[in-house]
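We name chains A, B, ... by the order of the sequence lines, and we start the count at 1 in each one.
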2 protein chains.
Amino acid sequence: MAELVFDANDCAACPIRHRAVCARCEPDELERLEEIKYYRHFESGQHIVWGGDQMDFVASVVSGIATLSQAMEDGRTQMVGLLLPSDFLGRPGRKEAAYDVTAVSDVTLCCFRRKPFEQLIETTPHVAQRLLEMTLDELDAAREWMLILGRKTAREKIASLMAIIARREAALRMSKAANGARFELPLTREAMADYLGLTIETVSRQISALKRDNVIALEGKRKVLVPDFNRLLAETGDDADGGLLI
Amino acid sequence: MAELVFDANDCAACPIRHRAVCARCEPDELERLEEIKYYRHFESGQHIVWGGDQMDFVASVVSGIATLSQAMEDGRTQMVGLLLPSDFLGRPGRKEAAYDVTAVSDVTLCCFRRKPFEQLIETTPHVAQRLLEMTLDELDAAREWMLILGRKTAREKIASLMAIIARREAALRMSKAANGARFELPLTREAMADYLGLTIETVSRQISALKRDNVIALEGKRKVLVPDFNRLLAETGDDADGGLLI
DNA sequence: GGTCACTTTTGATGCAGGTCAAGGAGCGGG
DNA sequence: CCCGCTCCTTGACCTGCATCAAAAGTGACC
């Protein structure tokens, strides 16, 4: 939990510099961004914004994990977005948050005041281009997710989630796990249930079943070990070579 | 079925001119677009592209309805996008189609050759800006859809779909239906089932149930009459004032 | 008008996953 | 060390939707 310290004036040292919305910025564009940026920290479990709230900033996730979710009045909740480091939060042109945003771990945001950011998007191409690219990636992820929600069995859903997290983890650290994989499960059972459209009981049961069948093994409660990644992929129901786009 | 005729050189007369990806174009930008555009027609039921196919164009839907869908090897299918007139098809920067695209009615596309379109996006701001806006709208729609898929009951799913189509219909013709609504149901039972993550039997049963409960009435097989739109909204499970963003 | 192909509706039955309930397991604080 | 809290697991039971099956439209074509 050692608080990371960022030099508020040095984007060059930023850990997400090459993947975030500012990835393509020229030095002068970066300067303009630095003028309107500020960091905010949230503790695990804290709400970052509520759906419907006024939102006077947009932001990049610098570290930690946050979720976007939608709730119905009776309490049913569906996660609709999972924000990892470098992901973008907020929508230019929109004043109110459309979803609840919650910190799942301790989170650091690099916030940009909304108005100036919107102007910046209209006047400089590189931020807008990168944002389009990221939005298209998110849309692809959302569509993959829709297949999971609409057509997969509980077991396939759990396997798919594990595969997605393992892939992202690998992408972040640029390591191509030879065959097996080991990763931290950053979500509670409840968050997994909200992600997958299941109940926590079903999540728990299916994880136990995958463990029983030696598809996965748990170290502690949060570390997952996958002895044979292809075996896991087979359990997702997707075709062998795996078409997940994110 | 009277074939619409477009003047291939006159974007000004185009029925989707003000809503499509070209909506914000200046005359000179429009000229550049006209150089790389061509129309294609597809008949109802025809496949426009298959997921994985090479795709050397992107396009706007001029008329008709098309679906994006994903299939698993065993045949389970999930619709992940519904393209109405003015919606955009394809992704700049991607050579292969990510999804199956199927014409649900007779469809006319305004196609742009991919390479020149990509260049155009990098050099002129208005197309890219509009595309970002449209993509963000699609992402919102996808997230609404995820709540439907993950957490709603079959009855709520059907009611939600009816409400979405009624809203879009109203938006297209700019008519604010006073209280009730009447609209054409452009989808087969199978397409509805693929949209909602249900079977056609369940779709049929729930429509019968809504009919029995006087939430909707059918005229013929494809025209839906909603005597009290708020009653329908109540059946969707969303909060009263309705947060659907599209 | 009759036939064939296809879509839709309806009924009967089964099961995956939800619901309700009761313990464990891990952990910070007194 | 025990208490109280939160998170997770497991069991027993139930229900909403899928599945299987068949009948009833619907409409194109001869």
Give every pair of a protein N or O atom and an N or O atom of nucleotides 20-22 of chain D that lie under 3.5 Å apart, one pair per line with the distance.
unit_1	atom_1	unit_2	atom_2	d
D:dC20	N4	B:Glu201	OE2	3.2

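Note on A:Arg189 versus A:Glu201: no salt bridge recorded, every NZ/NE/NH1/NH2 to OD/OE distance being 4.0 Å or above. Salt-bridge check for B:Arg91 with A:Asp140: passed, with a basic side-chain N closer than 4.0 Å to an acidic carboxylate O. Between A:Glu184 and A:Arg222 no salt bridge is recorded (no basic side-chain N to carboxylate O distance below 4.0 Å). Between A:Arg76 and B:Glu156 there is a salt bridge, since at least one side-chain N of the basic residue sits less than 4.0 Å from a carboxylate O of the acidic one. A salt bridge links A:Asp194 with B:Arg151: the closest approach of a Lys/Arg side-chain nitrogen to an acidic carboxylate oxygen falls below 4.0 angstrom.
Summarising the geometry, the separation between CD on A:Glu190 and C1' on D:dC5 is reported as 15 Å, rounded to the nearest angstrom. Straight-line distance from the CD1 atom of A:Ile200 to the P atom of D:dG11: 16 Å, rounded to whole Å. Rounded to whole Å, atom P of D:dT10 lies 11 Å from atom CD1 of A:Ile207. Atom CG of B:Leu196 is separated from atom C1' of D:dA18 by 15 Å (rounded to the nearest Å). Rounded to whole Å, atom C1' of D:dT9 lies 13 Å from atom CD of A:Gln206. For the pair B:Arg155 CZ and D:dT15 P, the computed distance is 18 Å after rounding to whole Å.
Crowding of A:Gln46 atom CD: a count of heavy atoms from other residues, nucleotides or ligands under 6.0 Å exceeding 12. Residue-environment remark: CD (B:Glu96) exceeds the threshold of 12 foreign heavy atoms within 6.0 Å.
In this structure, A:Met192 and A:Arg151 both approach DNA chain D, and ranking their closest nucleotides by distance from the 5' end singles out A:Met192. Map B:Val203 and A:Arg222 each onto its nearest nucleotide of DNA chain D; the residue landing nearer the 5' end is A:Arg222.
The line from OH of B:Tyr99 to CG of B:Leu89 is 12.0 Å long, rounded to the nearest 0.5 Å. To the nearest 0.5 Å, the span separating OH on A:Tyr38 from CG on A:Leu109 amounts to 9.0 Å. Between the CG atom in A:Leu187 and the CD1 atom in A:Ile65 there is a gap of 6.0 Å [rounded to 0.5 Å].
Using a 4.0 Å heavy-atom criterion, one finds that B:Gly197 contacts the sugar-phosphate atoms exclusively. Across all strands shown, A:Leu198 has heavy atoms under 4.0 Å from sugar-phosphate atoms exclusively, and none from any base.
The nucleotide range of DNA chain C contacted by chain B, defined by atoms under 4.0 angstrom from heavy atoms of the protein and reported 5' to 3', is C:dT8 to C:dA12.
In the helix from C:dG1-D:dC30 to C:dG30-D:dC1, the terminal helix axes, each the rotation mapping four pairs' C1' atoms onto the next four within five end pairs, subtend 30°, rounded to 10°.
Each of A:Glu235, A:Lys152, A:Arg155 was compared with A:Ser160 under the side-chain hydrogen bond (donor to acceptor under 3.5 Å, both in side chains) criterion, and only A:Lys152 meets it.
Put simply, B:Thr199 has a side-chain N or O that comes within less than 4.0 Å of OP1 or OP2 on D:dA18.
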